[in-house]
Amino acid sequence: MTETTNIRDGLTARLAHPDYPRSSRYDARWTIENQMGPHALWLLEWLAPALGLDRLPPGARVLDLGCGRAMTSVFLAREYGLRVVAADLWVKPGDNAERLAEAGVADRVLPVFAEAHDLPFAEGSFDAVVSVDAYQYFGTTDLYLPTVTRLLKPGGRIGIVVPALREEIDGTEPPEHLRPHWDPGFWAFHSPEWWRRNWTRTGAVRVETADWLEDGWRDWLLWSEVCAQESPSEFMAGMARDSVELLRADRGRALGFARVVGRREQA
(Lines give C-alpha, C1' and ligand atoms only; values in the text may rest on other atoms or scores of the structure.)
Protein backbone atom coordinates (compact mmCIF):
# COMPACT_ATOMS: atom_id res chain seq x y z
CA MET A 1 0.00 0.00 0.00
CA THR A 2 1.40 3.39 -0.98
CA GLU A 3 1.89 6.35 1.32
CA THR A 4 -0.78 8.25 -0.63
CA THR A 5 -3.25 5.44 -0.06
CA ASN A 6 -2.41 5.36 3.66
CA ILE A 7 -3.04 9.10 3.94
CA ARG A 8 -6.32 8.85 2.02
CA ASP A 9 -7.51 5.92 4.13
CA GLY A 10 -6.53 7.78 7.28
CA LEU A 11 -8.59 10.79 6.26
CA THR A 12 -11.55 8.58 5.39
CA ALA A 13 -11.41 6.95 8.81
CA ARG A 14 -11.04 10.27 10.58
CA LEU A 15 -14.06 11.73 8.80
CA ALA A 16 -16.29 8.65 8.95
CA HIS A 17 -19.28 9.95 10.93
CA PRO A 18 -21.76 7.47 12.43
CA ASP A 19 -24.63 9.96 12.11
CA TYR A 20 -23.95 10.54 8.41
CA PRO A 21 -23.40 7.17 6.73
CA ARG A 22 -24.19 8.41 3.21
CA SER A 23 -21.69 11.26 3.46
CA SER A 24 -19.04 8.89 4.82
CA ARG A 25 -19.07 6.98 1.53
CA TYR A 26 -17.71 10.01 -0.34
CA ASP A 27 -13.99 10.39 -0.92
CA ALA A 28 -12.57 12.46 1.93
CA ARG A 29 -9.99 14.16 -0.26
CA TRP A 30 -12.72 15.21 -2.72
CA THR A 31 -14.76 16.81 0.05
CA ILE A 32 -11.70 18.65 1.39
CA GLU A 33 -10.70 19.93 -2.03
CA ASN A 34 -14.20 21.26 -2.73
CA GLN A 35 -15.17 22.60 0.69
CA MET A 36 -16.03 26.25 1.25
CA GLY A 37 -16.86 26.12 4.96
CA PRO A 38 -18.41 23.55 7.32
CA HIS A 39 -18.88 20.00 6.02
CA ALA A 40 -21.74 20.56 3.60
CA LEU A 41 -22.57 16.87 3.09
CA TRP A 42 -22.90 16.21 6.82
CA LEU A 43 -25.21 19.20 7.13
CA LEU A 44 -27.29 18.18 4.12
CA GLU A 45 -27.66 14.66 5.47
CA TRP A 46 -28.90 16.15 8.77
CA LEU A 47 -31.38 18.30 6.83
CA ALA A 48 -32.65 15.52 4.57
CA PRO A 49 -35.14 13.72 6.88
CA ALA A 50 -36.75 16.95 8.07
CA LEU A 51 -37.06 18.14 4.48
CA GLY A 52 -38.44 14.78 3.35
CA LEU A 53 -35.95 14.22 0.55
CA ASP A 54 -36.52 10.45 0.65
CA ARG A 55 -40.22 11.06 0.04
CA LEU A 56 -39.71 13.07 -3.14
CA PRO A 57 -40.35 11.06 -6.31
CA PRO A 58 -37.35 10.25 -8.54
CA GLY A 59 -36.75 13.12 -10.91
CA ALA A 60 -38.33 15.74 -8.63
CA ARG A 61 -36.85 19.18 -9.29
CA VAL A 62 -34.77 20.83 -6.57
CA LEU A 63 -33.03 24.21 -6.38
CA ASP A 64 -29.69 24.02 -4.56
CA LEU A 65 -29.33 27.68 -3.63
CA GLY A 66 -25.79 28.83 -2.90
CA CYS A 67 -24.37 25.46 -3.92
CA GLY A 68 -20.72 26.51 -3.85
CA ARG A 69 -18.64 23.91 -5.64
CA ALA A 70 -21.75 21.76 -6.10
CA MET A 71 -20.91 18.96 -3.66
CA THR A 72 -24.44 19.18 -2.27
CA SER A 73 -25.87 19.06 -5.79
CA VAL A 74 -23.93 15.87 -6.51
CA PHE A 75 -25.26 14.40 -3.26
CA LEU A 76 -28.86 15.32 -4.05
CA ALA A 77 -28.66 13.73 -7.49
CA ARG A 78 -26.84 10.58 -6.43
CA GLU A 79 -28.51 9.84 -3.11
CA TYR A 80 -32.11 10.85 -3.86
CA GLY A 81 -32.41 10.60 -7.64
CA LEU A 82 -33.34 14.27 -7.97
CA ARG A 83 -32.96 16.73 -10.83
CA VAL A 84 -31.04 19.68 -9.44
CA VAL A 85 -30.42 23.27 -10.44
CA ALA A 86 -27.09 24.18 -8.82
CA ALA A 87 -27.20 27.96 -8.37
CA ASP A 88 -24.31 30.03 -7.09
CA LEU A 89 -22.95 33.56 -7.32
CA TRP A 90 -19.31 32.91 -6.40
CA VAL A 91 -18.45 29.78 -8.41
CA LYS A 92 -18.61 29.85 -12.20
CA PRO A 93 -21.07 27.43 -13.82
CA GLY A 94 -18.33 26.16 -16.11
CA ASP A 95 -16.18 25.14 -13.15
CA ASN A 96 -19.10 23.34 -11.55
CA ALA A 97 -19.99 21.69 -14.86
CA GLU A 98 -16.58 20.00 -14.90
CA ARG A 99 -17.05 18.73 -11.35
CA LEU A 100 -20.53 17.46 -12.12
CA ALA A 101 -19.30 15.61 -15.21
CA GLU A 102 -16.47 14.01 -13.22
CA ALA A 103 -19.04 12.93 -10.61
CA GLY A 104 -21.24 11.36 -13.29
CA VAL A 105 -24.29 13.56 -12.68
CA ALA A 106 -24.06 16.07 -15.54
CA ASP A 107 -27.32 14.72 -16.95
CA ARG A 108 -29.17 15.44 -13.69
CA VAL A 109 -27.62 18.68 -12.42
CA LEU A 110 -27.66 22.03 -14.22
CA PRO A 111 -25.15 24.61 -12.93
CA VAL A 112 -26.26 28.23 -13.23
CA PHE A 113 -25.00 31.65 -12.22
CA ALA A 114 -27.58 33.34 -10.01
CA GLU A 115 -27.84 36.10 -7.43
CA ALA A 116 -30.21 35.11 -4.64
CA HIS A 117 -32.34 38.25 -4.99
CA ASP A 118 -32.71 37.87 -8.75
CA LEU A 119 -33.48 34.21 -9.37
CA PRO A 120 -34.31 33.56 -13.04
CA PHE A 121 -36.93 30.86 -12.52
CA ALA A 122 -40.68 30.74 -12.99
CA GLU A 123 -43.12 30.52 -10.09
CA GLY A 124 -43.80 26.95 -9.04
CA SER A 125 -40.68 25.59 -10.76
CA PHE A 126 -39.40 23.40 -7.92
CA ASP A 127 -40.55 20.63 -5.61
CA ALA A 128 -38.01 21.73 -2.99
CA VAL A 129 -35.40 24.39 -2.29
CA VAL A 130 -32.25 23.48 -0.38
CA SER A 131 -29.58 25.81 0.99
CA VAL A 132 -26.62 24.62 3.05
CA ASP A 133 -24.25 27.13 4.71
CA ALA A 134 -25.36 29.93 2.40
CA TYR A 135 -28.78 31.31 3.35
CA GLN A 136 -27.35 33.50 6.13
CA TYR A 137 -25.58 35.59 3.48
CA PHE A 138 -28.77 36.73 1.78
CA GLY A 139 -31.88 35.54 3.63
CA THR A 140 -32.03 37.33 6.98
CA THR A 141 -34.27 40.23 5.93
CA ASP A 142 -38.01 40.14 6.60
CA LEU A 143 -38.73 40.43 2.89
CA TYR A 144 -36.55 37.69 1.41
CA LEU A 145 -38.37 34.42 2.07
CA PRO A 146 -41.42 35.15 -0.14
CA THR A 147 -39.10 35.87 -3.09
CA VAL A 148 -37.73 32.34 -3.00
CA THR A 149 -40.80 30.39 -1.87
CA ARG A 150 -42.73 31.64 -4.91
CA LEU A 151 -40.50 29.21 -6.83
CA LEU A 152 -41.98 26.26 -4.93
CA LYS A 153 -44.94 24.27 -6.10
CA PRO A 154 -47.85 24.39 -3.63
CA GLY A 155 -46.95 21.97 -0.85
CA GLY A 156 -43.25 22.18 -1.67
CA ARG A 157 -40.68 22.65 1.06
CA ILE A 158 -37.67 24.88 1.62
CA GLY A 159 -34.95 23.65 3.96
CA ILE A 160 -31.79 25.34 5.15
CA VAL A 161 -28.90 24.64 7.47
CA VAL A 162 -26.92 27.67 8.64
CA PRO A 163 -24.23 28.51 11.19
CA ALA A 164 -26.20 29.71 14.18
CA LEU A 165 -26.29 31.01 17.71
CA ARG A 166 -27.72 28.88 20.48
CA GLU A 167 -29.51 31.99 21.74
CA GLU A 168 -29.78 35.54 20.44
CA ILE A 169 -27.19 38.03 21.70
CA ASP A 170 -28.49 41.01 23.64
CA GLY A 171 -27.09 44.42 22.81
CA THR A 172 -24.49 45.28 20.21
CA GLU A 173 -21.38 43.48 21.46
CA PRO A 174 -20.37 39.83 21.00
CA PRO A 175 -19.84 37.55 24.00
CA GLU A 176 -16.61 38.42 25.77
CA HIS A 177 -15.00 35.04 25.07
CA LEU A 178 -15.60 35.50 21.33
CA ARG A 179 -14.56 39.14 21.06
CA PRO A 180 -11.01 38.42 19.78
CA HIS A 181 -12.40 36.21 17.02
CA TRP A 182 -15.59 38.04 16.10
CA ASP A 183 -16.26 39.03 12.52
CA PRO A 184 -19.09 41.50 11.73
CA GLY A 185 -20.54 38.87 9.40
CA PHE A 186 -21.33 36.72 12.43
CA TRP A 187 -24.23 39.04 13.22
CA ALA A 188 -26.04 37.15 10.44
CA PHE A 189 -25.97 34.08 12.71
CA HIS A 190 -29.26 33.59 14.56
CA SER A 191 -30.94 31.12 16.86
CA PRO A 192 -33.44 28.49 15.70
CA GLU A 193 -36.24 30.40 17.42
CA TRP A 194 -35.24 33.60 15.62
CA TRP A 195 -35.50 31.73 12.32
CA ARG A 196 -38.88 30.27 13.30
CA ARG A 197 -40.24 33.71 14.07
CA ASN A 198 -38.71 35.30 10.96
CA TRP A 199 -40.21 32.70 8.64
CA THR A 200 -43.56 32.44 10.41
CA ARG A 201 -44.36 36.12 10.31
CA THR A 202 -43.76 36.35 6.55
CA GLY A 203 -46.77 34.09 6.00
CA ALA A 204 -44.88 32.48 3.11
CA VAL A 205 -44.55 29.04 4.72
CA ARG A 206 -45.73 26.94 7.61
CA VAL A 207 -42.62 26.24 9.66
CA GLU A 208 -42.28 22.51 10.30
CA THR A 209 -38.81 22.43 11.85
CA ALA A 210 -36.52 24.94 13.53
CA ASP A 211 -33.98 23.18 15.71
CA TRP A 212 -30.39 22.98 16.90
CA LEU A 213 -27.75 20.38 16.04
CA GLU A 214 -26.60 19.01 19.36
CA ASP A 215 -22.79 19.01 19.51
CA GLY A 216 -22.67 20.37 15.98
CA TRP A 217 -19.76 22.54 17.03
CA ARG A 218 -17.67 19.40 17.60
CA ASP A 219 -18.25 18.29 14.01
CA TRP A 220 -17.45 21.79 12.80
CA LEU A 221 -14.22 21.81 14.83
CA LEU A 222 -13.11 18.38 13.63
CA TRP A 223 -13.76 19.32 10.02
CA SER A 224 -11.93 22.64 10.41
CA GLU A 225 -8.92 20.91 11.97
CA VAL A 226 -8.73 18.49 9.06
CA CYS A 227 -9.11 21.23 6.46
CA ALA A 228 -6.49 23.41 8.17
CA GLN A 229 -4.04 20.55 7.75
CA GLU A 230 -5.10 19.09 4.42
CA SER A 231 -6.65 21.80 2.23
CA PRO A 232 -4.67 22.32 -1.00
CA SER A 233 -5.74 25.98 -0.98
CA GLU A 234 -3.83 28.18 1.44
CA PHE A 235 -6.77 30.59 1.49
CA MET A 236 -9.19 27.84 2.54
CA ALA A 237 -6.66 26.41 5.00
CA GLY A 238 -6.32 29.86 6.56
CA MET A 239 -10.08 30.19 6.90
CA ALA A 240 -10.17 26.75 8.53
CA ARG A 241 -7.48 27.79 11.02
CA ASP A 242 -9.56 30.83 11.93
CA SER A 243 -12.56 28.56 12.51
CA VAL A 244 -10.48 26.28 14.73
CA GLU A 245 -9.50 29.22 16.94
CA LEU A 246 -13.09 30.47 17.07
CA LEU A 247 -14.59 27.10 17.96
CA ARG A 248 -11.94 26.24 20.53
CA ALA A 249 -12.61 29.55 22.23
CA ASP A 250 -16.36 28.95 22.25
CA ARG A 251 -16.54 25.20 23.10
CA GLY A 252 -20.21 25.05 22.16
CA ARG A 253 -21.38 27.87 24.41
CA ALA A 254 -22.79 30.02 21.61
CA LEU A 255 -22.05 28.62 18.15
CA GLY A 256 -23.42 25.69 16.18
CA PHE A 257 -25.98 24.99 13.45
CA ALA A 258 -29.69 25.58 12.95
CA ARG A 259 -31.96 23.55 10.68
CA VAL A 260 -35.11 25.22 9.38
CA VAL A 261 -37.80 23.71 7.15
CA GLY A 262 -40.94 25.40 5.88
CA ARG A 263 -43.78 24.19 3.66
CA ARG A 264 -45.54 26.37 1.11
CA GLU A 265 -49.25 26.01 1.71
CA GLN A 266 -51.47 24.56 -0.95
CA ALA A 267 -52.98 27.14 -3.27
Side-chain angles (χ1 to χ4, degrees), residues 19-20 22-23 36-68 70-88 109 114 116 119 121 124-141 144-164 188-214 216 219 256-266:
D19 293 336
Y20 309 120
R22 294 190 183 199
S23 300
M36 295 181 69
H39 198 308
L41 299 189
W42 289 351
L43 298 178
L44 178 54
E45 194 165 351
W46 178 50
L47 174 64
L51 189 56
L53 292 181
D54 276 325
R55 298 192 298 273
L56 289 175
R61 197 159 184 251
V62 176
L63 173 63
D64 187 2
L65 185 56
C67 67
M71 283 200 299
T72 47
S73 301
V74 171
F75 194 86
L76 289 165
R78 280 185 176 177
E79 301 299 323
Y80 303 102
L82 303 171
R83 291 185 299 133
V84 184
V85 174
D88 201 79
V109 183
L119 296 170
F121 311 111
S125 295
F126 297 98
D127 298 281
V129 174
V130 171
S131 186
V132 176
D133 187 30
Y135 196 88
Q136 71 275 14
Y137 292 116
F138 49 76
T140 58
T141 71
Y144 181 73
L145 185 65
T147 71
V148 66
T149 53
R150 70 174 180 81
L151 304 179
L152 286 170
K153 296 175 182 177
R157 289 180 172 86
I158 177 173
I160 69 171
V161 178
V162 288
F189 297 175
H190 292 288
S191 69
E193 284 308 307
W194 185 95
W195 283 107
R196 181 185 295 277
R197 183 178 65 251
N198 177 270
W199 281 23
T200 298
R201 66 188 180 188
T202 68
V205 296
R206 177 167 56 84
V207 177
E208 297 181 330
T209 301
D211 59 3
W212 178 259
L213 180 57
E214 289 300 327
D219 296 341
F257 297 102
R259 172 177 62 178
V260 193
V261 174
R263 182 175 183 273
R264 184 179 181 183
E265 298 291 5
Q266 297 286 345

key: Pairwise side-chain contact, Arg259 with Thr209, heavy-atom cut-off 4.5 Å (strictly under)   = yes
key: Thr140 (side chain) donor-acceptor with Ala188 (main chain) under 3.5 angstrom   = no
request  = Flag the pair Asp127 and Lys153 as a salt bridge only when some basic side-chain nitrogen lies within less than 4.0 angstrom of an acidic carboxylate oxygen.
outcome  = yes
request  = Evaluate the side-chain proximity of Val148 to Phe126: yes if any heavy-atom separation is below 4.5 Å, no if none is.
outcome  = no
inquiry  = Could you report the tightest heavy-atom contact between Pro57 and Leu82, atom names first, then the distance?
reply    = O-CD2, 4.1 Å
key: Audit row: Ile160, Trp199, side chain to side chain contact (heavy atoms under 4.5 Å, CB included) steps and yes/no   = CA-CA 12 Å; Ile160 69 171; Trp199 281 23; 3.7 Å; yes
note = All heavy atoms of Tyr80 vs all of Ala48, minimum pair found to be OH-CB, 3.2 Å
Least distance between heavy atoms, Gly156 atom then Leu152 atom = O-CD1, 3.7 Å
request  = Output yes when a side-chain donor or acceptor of Ser125 lies under 3.5 Å from a complementary backbone atom of Leu151, and no otherwise.
outcome  = no
Output field: ring centroids Trp195/Tyr135 closer than 6.0 Å = yes
key: Glu45 side chain to Leu43 backbone, donor-acceptor under 3.5 Å   = no
Heavy-atom closest contact (Phe257 atom, Pro38 atom, distance) = CZ-CB, 3.6 Å
ask   = Is there a side-chain contact between Leu47 and Leu53 (heavy atoms, below 4.5 Å)?
value = no
Residue pair Ser131 / Phe138: nearest heavy atoms and the distance that separates them = OG-CZ, 4.1 Å
ask   = Does Arg22 use its side chain to pair, donor to acceptor, with the backbone of Glu79 at less than 3.5 Å?
value = yes
ask   = How close do Cys67 and Asp88 get, heavy atom to heavy atom, and via which atoms?
value = N-OD1, 3.2 Å
task = Calculate, to the nearest 0.5 Å, the distance between atoms CD and CZ belonging to Glu208 and Arg196 respectively.
result = 10.5 Å
Val130 side chain reached by Thr72 side chain, heavy atoms, under 4.5 Å = no
request  = Start with the C-alpha distance between Asp219 and His39, add both sets of side-chain angles, then the distance that settles side chain to side chain contact (heavy atoms under 4.5 Å, CB included), and finish with yes or no.
outcome  = CA-CA 8 Å; Asp219 296 341; His39 198 308; over 6 Å; no
query = With a 4.5 Å heavy-atom cut-off, do Val62 and Leu56 have their side chains touching?
reply = yes
key: Leu145 and Ile158, any side-chain heavy atoms less than 4.5 Å apart   = yes
ask   = Taking side chain as C-beta onward, heavy atoms only, is Pro163 less than 4.5 Å from Asp133?
value = yes
message = Check whether Arg61 reaches the backbone of Arg83 with its side chain - one donor and one acceptor, N or O, closer than 3.5 Å.
response = no
message = I want to check something: taking the side chain as every heavy atom from C-beta on, are Thr147 and Leu119 in contact at a cut-off of under 4.5 Å?
response = no
note = Output for pair (Glu193 CD, Asp211 CG), nearest 0.5 Å, gives 10.0 Å
